[in-house]
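Because only heavy atoms are used, hydrogens play no part in the values below, and waters and symmetry mates are left out as well, while side chains stay in.
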Amino acid sequence: MNEIAAVTETVSEPVTEAVAPEKAKPALPDAQIVTQVKHWTDRLFSFRCTRPASLRFRSGEFVMIGLMNDPDPKTGKVKPLLRAYSIASPSWDEEMEFYSIKVQDGPLTSKLQHIKVGDEIILRPKPVGTLVHDALIPGKRIWFFATGTGFAPFASLLREPQTYEDYDEIIITHTCREAGELTYGRELIESLKTDELLNEVIGEGFWKKIKYYPTTTREESAKMGRITDLMRSGEAFEDLGVPPLNPESDRAMICGNLAFNLELKDLFENTYGLEEGANSKPAHFVVEKAFLD
């Protein structure tokens, strides 16, 4: 859930990573210290930072984060530059994780992409959002639909024990233009298999409930095509070995660009008979309206 979400180019360089040797004390109000930075491609990166001691959030929510802007040329005043970002880490994590695109002329991401371990970022500790379990009524199978960096809230929910307590099956679709954009999500899902803490807390082999369905729309990959087209043709359901969505058993969350969100919403309501839910009125599916691609 970023200023502009993932439209990226694949690069051949390996993932670069920096980790903080120790934590420092923030100097700015609402500031947190960057503890880790990973550059996945030339236009995608993730980072971790310290977590405010009082911050409580539900997996799938987002917060406002940012940096101090340049001084106003007329007044000389400096104001914070903030954007809504999904929290990619689960609610139980001691740190905060975020997944972002790099936009060379973007007001925030043009600066944010250069952060290093030990730097400060501003994090307003007021989480909100619709991609939470509370906004859905009980079901058998949950679908996570993402484009680009819209994978971030699902990175949180895939590491949330309640996801596996509430559902027998978890299906995550991730549609990007280039194959390199899929790396963050693929590696996160793969890491669940060897996560000792989650295997102990949720149950050995909990990750076997997950069905991962990545697709690309430009670069050649194992599965090409827009997820909405693959659903309409029935190919996606055949590949996954599941029936089309229905109100009795299926629940869904959507986080992607505006056109993608609207197309899926229309598909859910007019083809599959699902009803949109909210925190105040749980139903069959929810859409993250704050995400911009």
Side-chain angles (χ1 to χ4, degrees), residues 1-6 30 32 46-49 51-52 54-66 80-101 108-109 112 121-139 142-167 170-174 184-185 188 251-262 264-265 268 274-293:
M1 178 158 56
N2 309 341
E3 186 177 25
I4 301 177
D30 288 328
Q32 298 300 318
S46 64
F47 64 94
R48 292 174 68 85
C49 66
R51 176 174 176 170
S54 60
L55 177 61
R56 299 290 181 271
F57 68 91
R58 296 173 295 175
S59 292
E61 290 188 312
F62 65 88
V63 289
M64 302 296 291
I65 67 171
L81 180 61
L82 304 171
R83 294 290 186 272
Y85 269 72
S86 286
I87 305 169
S89 46
S91 61
W92 51 265
D93 201 324
E94 294 181 353
E95 293 187 334
M96 308 289 286
E97 182 179 336
F98 300 96
Y99 183 42
S100 178
I101 191 167
L108 176 59
T109 58
L112 193 63
I121 65 160
I122 301 169
L123 191 157
R124 293 285 165 82
K126 295 180 180 178
V128 291
T130 56
L131 300 185
V132 293
H133 288 305
D134 294 342
L136 298 174
I137 57 178
I142 188 163
W143 295 73
F144 296 145
F145 292 92
T147 61
T149 52
F151 188 92
F154 305 133
S156 175
L157 287 158
L158 284 168
R159 291 178 280 184
E160 170 59 53
Q162 187 182 346
T163 302
Y164 303 90
E165 294 167 6
D166 289 357
Y167 299 96
I170 297 96
I171 299 176
I172 176 150
T173 80
H174 192 196
Y184 173 82
L188 186 144
R251 304 295 173 259
M253 296 184 179
I254 311 169
C255 191
N257 60 65
L258 182 59
F260 175 77
N261 291 356
L262 292 175
L264 266 181
K265 174 180 163 66
F268 286 171
L274 305 185
E275 180 184 347
E276 185 174 1
N279 280 284
S280 58
K281 188 182 178 183
H284 305 122
F285 75 93
V286 285
V287 183
E288 186 50 87
K289 297 177 174 62
F291 181 86
L292 297 178
D293 192 66

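Annotation: side chain of L158 is in contact with side chain of F144 (closest heavy-atom distance under 4.5 Å). Using a 4.5 Å cut-off on side-chain heavy atoms (C-beta onward), R58 and N279 make contact. Looking only at side-chain heavy atoms (C-beta outward), D166 and R251 stay at 4.5 Å or farther from each other. In this structure the side chain of L157 reaches within 4.5 angstrom of the side chain of M253, judged on heavy atoms.
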Applying side-chain contact (heavy atoms from CB on, under 4.5 Å), run through R124 and V63 and close with a yes or a no. CA-CA 6 Å; R124 293 285 165 82; V63 289; 6.0 Å; no
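In terms of heavy atoms, L55 sits closest to P127 at CD1-CD, 3.6 Å. Considering every non-hydrogen atom in both C49 and L123, the closest pair reads SG-CD1, 4.0 Å. Nearest heavy-atom pair, P153 versus C255, reported as atom, atom and distance to 0.1 Å: CG-SG, 3.8 Å. When all heavy atoms of Y167 and I137 are compared, the pair lying nearest together is OH-O, 4.2 Å. Between P125 and P52, the closest heavy-atom pair is CB-CG, 4.5 Å. Scanning all heavy atoms of the two residues, the minimum distance from G66 to L108 falls at CA-CD1, 3.9 Å.
The distance from atom CD1 of I101 to atom CG of L112, rounded to the nearest 0.5 Å, is 12.0 Å. Of the inter-residue distances, the one linking L136 atom CG with H284 atom NE2 reads 9.5 Å to the nearest 0.5 angstrom. Going from atom CZ of R159 over to atom CD of E97 covers 4.5 Å, rounded to the nearest 0.5 Å. Going from atom CZ of F260 over to atom OG1 of T147 covers 5.5 Å, rounded to the nearest 0.5 Å. Rounding to the nearest 0.5 Å places CG of L131 at 9.0 Å from CD1 of I254. Here T163 contributes atom OG1 and H133 contributes atom NE2; the two are 3.0 Å apart, rounded to the nearest 0.5 Å.
For the ring pair (Phe, Tyr, Trp, His ring centres under 6.0 Å) with F47, the lone residue among Y184, F98, Y99 that qualifies is F98. Remark: of the listed residues L188, I172, I170, T173, I172 is the sole one forming a side chain to side chain contact (heavy atoms under 4.5 Å, CB included) with F154.
A distance below 6.0 Å separates the ring centres of F268 and F145.
Aromatic ring pairs are classed by plane angle as parallel below 30°, tilted from 30° to 60° and perpendicular above 60°; the pair H174 and F151 is tilted.
Salt-bridge annotation for D93 and R48: present, with a side-chain N of the basic residue lying under 4.0 Å from a carboxylate O of the acidic one.
Residues forming a side chain to side chain contact (heavy atoms under 4.5 Å, CB included) with S91 (at least two apart in sequence, or on another chain): F57, S59, E160.
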